[in-house]
There are 2 protein chains.
Amino acid sequence: MNPKPDELHLNAWRLFITAHATLIDTIDRELTTADCIPLHWYDVLVELVEAPDHRLRLYELADKVILSRSGLTRLVDKLENAGLLKREPNPEDRRGYYAVLTEAGYAALRKAWPIYAAGIQSHFAVHLSDDEAAIFSRVLRQILKSRQAAE
Amino acid sequence: MNPKPDELHLNAWRLFITAHATLIDTIDRELTTADCIPLHWYDVLVELVEAPDHRLRLYELADKVILSRSGLTRLVDKLENAGLLKREPNPEDRRGYYAVLTEAGYAALRKAWPIYAAGIQSHFAVHLSDDEAAIFSRVLRQILKSRQAAE
DNA sequence: AGTCAATAGTTGCATATACAACTATATCTG
DNA sequence: CAGATATAGTTGTATATGCAACTATTGACT
């Protein structure tokens, strides 16, 4: 057991936190300024668009966007109210529902994507070479995997 | 202007978001389980401990921890109530206050640090070689700098 | 089948945080 | 130096989110 991070790693950690906060802040602001859905809504909808049949069980969605069950319930309420997804009962398990992307939800994604992509590009991606992006991905994936294994 | 991030960079971005969320979640949980101050309080106090004279103007603190002014007012209220810092009026500018670390605040930092350090080490630092940590720091610092320049 | 434990989702409550409006003080400009 | 403008901090209000308690359903063990 290595108990303490050295200066180099500690520094990386602190920058990680701060850079994250400013990036999310900046990009979320750009989205709302452009009259698009907020970043959190985007994250939810993009999981749906990538899911088979454009649908996911609510608990799967909660896991993917790292939100508590109750938090997800209320977020889904709002998205459903806004018409961007709908709940559909699951015939095989009557406890649960699917969240299903609607056409309006897909349209909201399409509208937000250029703004979001421009933000990712200009505030984040421009600062990483291809090699660095690959390193980021590899390291972060490993961090995630080790967290998931710990459950 | 590069309008869109490629797959590689987009992937790095998404992992960045997800890894951050799980890491903060995990470490904050470990701190509260060990009966320590939460991560956000830690961040505030550590800025004070590193500041000259263990004191910072409230607006400086707000900037450092990336919190709105109102958010900071209330956070400082709580920390002051808990006895971990105190407000001191500034004789040179009667609009403003310093937040000053107290002995109890310093003790709270010392108590939390081993838990926090162990979390950073085991969930984050172990996954980065020295070279990778250096790359992370360099890239993230550049991202931050470019954001600060944009103000 | 019958009971007990586990799971899916929702709701009540407490806390966190942002924005806008406000007060007090400082600074700038003519 | 007077008035306009900017800044530091606080407060009202709205939204977001977690935890614990709850209902409904499923699954597992006997």
Side-chain angles (χ1 to χ4, degrees), chain A residues 17 20-33 35 37-44 55-82 84-100 151, chain B residues 17 20-33 35 37-44 55-82 84-100 151:
Chain A
I17 307 237
H20 178 271
T22 56
L23 281 172
I24 297 296
D25 200 60
T26 302
I27 291 179
D28 206 22
R29 240 169 251 279
E30 288 174 354
L31 282 169
T32 51
T33 299
D35 198 33
I37 54 177
L39 197 46
H40 255 76
W41 291 27
Y42 191 95
D43 291 339
V44 169
R55 70 185 53 215
L56 284 173
R57 289 297 297 270
L58 296 194
Y59 71 92
E60 297 175 302
L61 207 44
D63 278 3
K64 301 229 187 221
V65 301
I66 313 194
L67 201 62
S68 68
R69 288 290 170 81
S70 61
L72 189 81
T73 291
R74 287 186 248 246
L75 185 48
V76 166
D77 284 348
K78 275 166 226 136
L79 287 163
E80 193 169 26
N81 254 303
L84 306 183
L85 59 75
K86 57 184 199 293
R87 281 180 175 89
E88 272 187 18
N90 179 350
E92 330 236 300
D93 181 348
R94 289 189 305 169
R95 289 171 304 182
Y97 294 89
Y98 285 109
V100 188
E151 273 165 20
Chain B
I17 307 237
H20 177 272
T22 57
L23 283 172
I24 297 296
D25 200 61
T26 302
I27 292 179
D28 206 25
R29 241 169 251 279
E30 288 173 353
L31 282 169
T32 51
T33 299
D35 197 33
I37 54 176
L39 197 45
H40 255 78
W41 292 26
Y42 191 95
D43 291 340
V44 169
R55 70 185 53 217
L56 282 174
R57 290 295 299 270
L58 296 194
Y59 72 92
E60 295 175 303
L61 207 43
D63 277 2
K64 299 228 187 222
V65 300
I66 312 192
L67 201 62
S68 67
R69 289 287 171 84
S70 64
L72 189 82
T73 291
R74 274 142 176 151
L75 185 48
V76 166
D77 284 349
K78 276 166 225 134
L79 288 162
E80 192 170 27
N81 254 306
L84 307 183
L85 59 76
K86 59 184 197 296
R87 283 180 174 88
E88 272 187 19
N90 180 351
E92 329 237 301
D93 181 348
R94 290 190 303 169
R95 288 170 304 181
Y97 295 89
Y98 285 108
V100 187
E151 272 165 22

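Below, chain A is the first sequence line, B the second, and so on; all start at residue 1.
Per the geometry, CG belonging to A:Leu39 stands 17 Å off C1' belonging to C:dT17, to the nearest Å. The distance from atom CD of B:Glu80 to atom P of D:dG9 is 13 Å, rounded to the nearest whole Å. Whole-Å rounding puts the B:Tyr98 OH to D:dG9 C1' distance at 15 Å. Atom pair B:Leu56:CG and D:dG9:P shows a separation of 11 Å (rounding to whole Å applied). Between the OH atom of A:Tyr97 and the P atom of D:dT26 there is a distance of 12 Å, given to the nearest Å. One atom, CG of B:Asp63, and another, C1' of D:dA8, lie 12 Å apart when rounded to the nearest Å. Computed from coordinates, the B:Tyr59 OH to D:dT7 P distance equals 11 Å when rounded to whole Å. The CG-C1' distance, from B:Asp28 to C:dT15, rounds to 13 Å in whole Å.
Within residues 85-96 of chain A, the residues that have a heavy atom under 4.0 Å from DNA chain C are, in order of number, A:Arg87, A:Arg95, A:Gly96.
B:Ala99 approaches B:Leu61 most closely through the heavy-atom pair CB-CD2, 3.9 Å.
Applying the ring-ring contact (aromatic ring centres under 6.0 Å, His included) criterion to B:Tyr98, with sequence neighbours excluded, gives no partner residue. In this structure B:Asn90 satisfies the side chain to side chain donor-acceptor pair (under 3.5 Å) test with no other residue, sequence neighbours excluded. Not counting sequence neighbours, the partners of B:His20 by the ring-ring contact (aromatic ring centres under 6.0 Å, His included) test are A:Phe16, A:His20. In terms of the salt bridge (charged side-chain N to carboxylate O under 4.0 Å, His left out) criterion, A:Arg74 has no residue partners (sequence neighbours excluded). Listed by chain and number, the residues in a side chain to side chain donor-acceptor pair (under 3.5 Å) with B:Arg87 are B:Asp77, B:Glu80 (sequence neighbours excluded). Among residues two or more places apart in sequence or in another chain, the side chain to side chain donor-acceptor pair (under 3.5 Å) test is passed with B:Asp25 by B:Arg29. Not counting sequence neighbours, the partners of B:Ala21 by the side chain to side chain contact (heavy atoms under 4.5 Å, CB included) test are A:Ile66. Every residue two or more places apart in sequence or in another chain that forms a ring-ring contact (aromatic ring centres under 6.0 Å, His included) with A:Tyr42 is listed here: A:Tyr116.
For residues 57-68 of chain A, the pairs satisfying side-chain hydrogen bond (donor to acceptor under 3.5 Å, both in side chains) are A:Ser68-A:Ser70, with sequence neighbours left out.
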- Could you run through nucleotides 14-22 of chain D and give me one letter per nucleotide, 5' to 3': B if any protein heavy atom sits under 4.0 Å from the base, S if only the sugar-phosphate is that close, - if neither? --SBBB---

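Axis deviation across the helix from C:dA1-D:dT30 to C:dG30-D:dC1 amounts to 30°, comparing end segments of five pairs, rounded to 10 degrees.
Relative to the side chain of B:Arg57, the nucleotides D:dG9, C:dA8, C:dT10 differ in distance, and D:dG9 lies closest.
At least one donor-acceptor pair closer than 3.5 Å links the side chain of B:Asp28 to the backbone N or O of B:Leu39.
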